[in-house]
Amino acid sequence: MIHAEDWRKEQERLDRVTEGLQLKIAELDPEVTGLRDQVVDIRKRFWEEVTVNTSTDEDFEETFYSIKQQEALLSERERSHQQRLQRWKSMKRLLPAPYFGRIDFQENGLSLSEQIYIGVSSFVDADGLNFLVYDWRTPIASMYYDYSPGAADYDTPGGLVTGEMTLKRQYQIRNGQLQNVFDTSLTIGDELLQQVLGKGADNQMRSIVATIQREQNAIIRNDKSRMLIVQGAAGSGKTSAALQRVAYLLYKHRDRLKADQIVLFSPNPMFNSYVSTVLPELGEENMQQTTFQEYLAYWLGNSMRLEDPFEQIEYVLTSEWSPQYEVRLKGMQYKASEDFLHALTNYAQWLGTEGMLFHGISFRDRELITAEQMKKQFYSYDPAIRLANRIVLLQDWLLQELTSLERQEQEAHWVQDELDYLDNDQYAEAYSEVRKKYQREDVVFDFTQQYVEQYGDFRNPDVGEENVFDFAMQEEDLLRRMIVKTHFKPLRRDVKRFMFIDVPGLYGQLFSDEAAYRSMTKESEVPHDWLEICRQTREKLSRNELFYEDATPFLYLKELVEGTRTNTVVRHLFIDEGQDYSPFQFMFLKRLFPRARMTVLGDFGQAIFPQATQLHEADSPLIRLYGEEETSLIRLVRSYRSTREIVEFTKSVLPGEEIVPFDRRGKKPSFSITENSVKRNAQMLKDLAELRSEGFDSIAIITKTAAQSREAYEALMEQGAESLRLITKETLTFEKGTLVLPAYLAKGVEFDAVLIYDASSRTYQRESERKLFYTACTRAMHRLLLYTTEDWSPFII
């Protein structure tokens, strides 16, 4: 704590800043409201201010410039409103706690030091000349995170600024009043961190700008690497740092980077809800958020049913006694590899010379264009032309053929049948079109009035039979064209969507036999039990289904044939739980987003999926993806989430991992062994009541699988549990309360207390389940409770 006189001065300054903020907010209030009203009014009266006249070229030009003028006025008002609204929101965010840190810095060559107060956004004095608060993302504020008092420096566009930091101070402010003030020589003082980390878990992730550590700051401000890999222990703050990184990038590159040019791939939909408030809290728009499964499903459409990663992990966790189990695991690992990606690339080259498969185009139980005709036409093109470009040429040829066939089809008997049953609206449409043609040809011939009213009979020779006959024939011809065009429209649509390519057949063709596979892909090595892998894959394809491990390779092959759908707009790609992605998937993402920099966050200690990628070893495929020169690797070994007692226990679960606990004390994990499940559930209900009475309102009952989650939920509810919520892969929002969920859905989320429903050797025994058990236990912030009705898991030492 500081001296009383320093405290008084700090409170006086805080009062002046708070008063300045209140005055500025009051000044902006009417401007924000007034401009908003102006925008609404201009939108309402937009067309009232414009006289639309296109009678002459001069009138058309005047109308055009009048519209442009109104549009420019509206855009200017909207821009002014947005700027003032943004400033107003920034002031409102600062008002309860204008800043959280201060450094005094004396630049080399200057006699005076500058007091730099740091908050979530900037605020200048009334003259606009002096910063009362610096945004935490400004270059000068980086010293607060990177240095202790002493020599310090920071980067600016004009070069490196060096000097001495003479003071580092941290504040806790609530509603304009100082609560605590700490002078520290550390990055962030332990006192502040203890108080922040000692709070309960929230239903949404919080901003960490006041407690960013030096190693986290290196993640946030890295602006050079094309690939940034963050290997962080559970609870090390890697996801939090990544979200602050997004805010930093949007601030630094605000003139050329927008939120919709950043994409975050999350581990599950619920996680998107969990992190959705961090960026708005910092005054930035949320980036695009999705899951890799959603991306696959979008591009593959409804043609195939995709297994999702959670179905895959359920199979891995529950089907070990299946005779096909080991073969399936080998298939998963091979299809996730770089070798398989190269095999598919070679396969596409082979398809350029032979082996293409097509679907014939059928119409009314007749094949208009056969698959053989397509194949012959495809291989008639110059082999030097890329595969995807030849497909486009074939697509153009098919559309031309359909045009010719469409004309021929107009004379078919079925067309006459449909012609006889057309309704009045369709006749009226055809009549209108033909009449327009006659008017264009200066033929004044109103069929209804001139013929029917005056003569009443088509066969009257005095009206000009030739004109009447020609009109009627044209009308019938148009109706025939309309009928056939309507029926051919789905055929054209399918051709434009490349539906004539038999992609499932092309993918299945890979899995015929070993010799054929080697020939088509130039691969010298294939997994053991390849024939059985082939059988499993073909069987799944025969039902129009794909294993999860096949989904990315299937889409990759589809794009090799049809052309890659690259996205050159996205500039930054964030991948959370990166250890759960395969090397194949990383290479695929690089291909899809060629202009994007990639930030991969993960913990190999939590690699629970069979296709896991090693993040931080020298031979990691992630390092090879962009090369060592363009790749940065940052390791986070200090765990802030859990108490020291919980971290010490989880370290024993995963020996060999470098994990340093933050020194926040708490109760040791508790172990309850009971005679049967009824007594276990009774003990859990008693413990839940005690935890709630202690003030913990974010509690997770974590199981191994989804089936066990449902079993636990139903059993506890039957024994009188209240306010339980069962979490499944379909759950979209994360909420406080007592949740029951499988371990793999808890990744990335934290809870005040965690209850491991069944920590027995029967549930967690295989070495492949060690990381899943570790993941479940590391979700706990303050309390960890484990239960069993038999022997403990061997992972509990």
Side-chain angles (χ1 to χ4, degrees), residues 293 296 304-337 339-340 343-344 504-505 507-518 520-521 523-554 557 580-585 607-613 703-711 728-729 742-745 758-773 775-776 790-791 793-795:
Q293 177 72 11
L296 292 173
M304 308 285 287
R305 184 200 172 275
L306 304 183
E307 178 187 58
D308 62 45
F310 309 119
E311 289 177 271
Q312 186 196 65
I313 192 65
E314 283 285 333
Y315 176 87
V316 172
L317 295 174
T318 61
S319 303
E320 62 268 27
W321 307 116
S322 167
Q324 311 303 324
Y325 183 76
E326 292 299 327
V327 174
R328 172 87 194 272
L329 289 187
K330 289 176 185 176
M332 289 179 189
Q333 291 160 359
Y334 180 67
K335 292 170 183 176
S337 68
D339 288 341
F340 192 48
L344 287 178
Y507 191 70
Q509 188 170 249
L510 280 164
F511 301 94
S512 51
D513 61 67
E514 185 173 329
Y517 181 79
R518 290 178 187 273
M520 292 183 290
T521 63
E523 285 296 300
S524 58
E525 297 294 332
V526 295
H528 188 59
D529 294 324
W530 177 250
L531 288 180
E532 183 56 28
I533 292 172
C534 290
R535 189 198 63 76
Q536 288 183 6
T537 308
R538 289 198 309 271
E539 182 181 329
K540 196 77 169 172
L541 285 168
S542 70
R543 301 195 299 269
N544 282 329
E545 297 176 355
L546 284 172
F547 288 126
Y548 180 67
E549 61 267 24
D550 284 305
T552 308
F554 185 94
L557 176 62
D580 293 335
Y581 287 70
S582 70
F584 194 122
Q585 288 170 331
I608 63 174
F609 289 89
Q611 71 271 14
T613 296
T703 65
K704 178 181 173 182
T705 66
Q708 195 179 54
S709 286
R710 183 165 294 280
E711 172 193 314
T728 70
K729 63 182 182 180
Y744 54 79
L745 287 181
D758 183 1
S760 69
S761 59
R762 179 170 55 86
T763 301
Y764 295 102
Q765 183 176 39
R766 294 180 297 163
E767 187 60 31
S768 59
E769 295 163 342
R770 182 185 291 274
K771 291 180 177 180
L772 186 72
F773 184 67
T775 300
E790 45 194 278
D791 294 338
S793 165
F795 308 143

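In what follows, every heavy atom counts, from backbone to side chain, and hydrogens, waters and symmetry copies are set aside. From a predicted model like this one, the values you see are computed outputs, not experimental measurements.
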May I have the step-by-step check of side chain to side chain contact (heavy atoms under 4.5 Å, CB included) for Y334 and H528, ending in yes or no? CA-CA 10 Å; Y334 180 67; H528 188 59; over 6 Å; no
Would you give the length of the straight line joining atom CD1 of I313 to atom CG of L745, rounded to the nearest 0.5 angstrom? 11.0 Å
D513 side, atom CG; R518 side, atom CZ - distance, nearest 0.5 Å: 10.5 Å
Between T763 and S793, is any pair of side-chain heavy atoms under 4.5 Å apart? no
Salt bridge (charged side-chain N to carboxylate O under 4.0 Å, His left out) involving E539 - partner list, sequence neighbours excluded: R535, R543
Heavy-atom nearest pair, R538 first then S512, reads NH1-O, 3.5 Å
Does the pair Y581 and F609 meet the rule for a side chain to side chain contact (heavy atoms under 4.5 Å, CB included), with working shown? CA-CA 8 Å; Y581 287 70; F609 289 89; over 6 Å; no
Heavy atoms, side chains only, cut-off 4.5 Å: are Q293 and L306 in contact? yes
Polar side chain donor-acceptor pair, S337 to D339, under 3.5 angstrom: no
Side-chain contact, heavy-atom cut-off 4.5 Å: L546 with K540? no
Go through it in stages, so that I can follow the logic: the residues are F310 and T728, the test is side chain to side chain contact (heavy atoms under 4.5 Å, CB included), and I'd like the CA-CA distance, side-chain angles, deciding distance and then a yes or no. CA-CA 10 Å; F310 309 119; T728 70; over 6 Å; no
Looking only at atom types and distance, does a side-chain atom of Q611 sit under 3.5 Å from a main-chain N or O of D580, one as donor and one as acceptor? yes
Backbone N/O of K771 and side chain of T775: donor-acceptor pair under 3.5 Å: yes
F773 meets the ring pair (Phe, Tyr, Trp, His ring centres under 6.0 Å) criterion, sequence neighbours left out, with Y764
Value for CG (L344) from OG1 (T552), rounded to nearest 0.5 Å, stands at 11.0 Å
F547 and Q312, any side-chain heavy atoms less than 4.5 Å apart: no
Salt bridge (charged side-chain N to carboxylate O under 4.0 Å, His left out) partners of D791, counting only residues at least two apart: none
dist L317:CG -> L772:CG (nearest 0.5 Å) comes out at 5.5 Å
Heavy-atom closest pair, residues P583 and A336: CD-O, 3.2 Å
Going from CD on Q324 to CD on E532, what distance comes out if it is rounded to the nearest 0.5 angstrom? 4.0 Å
For the pair Q708 (side chain) and K704 (backbone), establish whether a donor and an acceptor sit closer than 3.5 Å, ignoring hydrogens and angles. yes
Between S709 and T703: side-chain donor-acceptor atoms closer than 3.5 Å: yes
Correct closest heavy-atom pair for Y507 and P553 would be OH-CB, 3.7 Å
Between E314 and Y744, does any side-chain donor sit less than 3.5 Å from a side-chain acceptor? yes
Minimum side-chain heavy-atom gap E326-E320 below 4.5 Å: no
Classify the angle between the aromatic ring planes of Y517 and F340 as parallel (below 30°), tilted (30 to 60°) or perpendicular (above 60°). parallel
Atom CZ of F511 and atom CD1 of I533: how far apart are they, to the nearest 0.5 Å? 8.5 Å
Residues that R770 engages under side chain to side chain donor-acceptor pair (under 3.5 Å), provided they are two or more places apart: E767
Identify, with sequence neighbours excluded, every residue that meets salt bridge (charged side-chain N to carboxylate O under 4.0 Å, His left out) alongside D308. K729
Residues that A707 engages under side-chain contact (heavy atoms from CB on, under 4.5 Å), provided they are two or more places apart: T705
Hey, does the side chain of E307 reach the backbone of Y548 with a donor-acceptor pair shorter than 3.5 angstrom? yes
Does the side chain of Q333 come within less than 4.5 Å of E549's, by heavy atoms? no
Quick one: do the K335 and T537 side chains pair a donor with an acceptor below 3.5 Å? yes
When you measure from the side chain of E769 to the backbone of R766, do you find a donor-acceptor pair of N or O atoms at a distance under 3.5 Å? yes
Taking every heavy atom of A551 against every heavy atom of L296, the minimum-distance pair comes out as CB-CD1, 3.8 Å
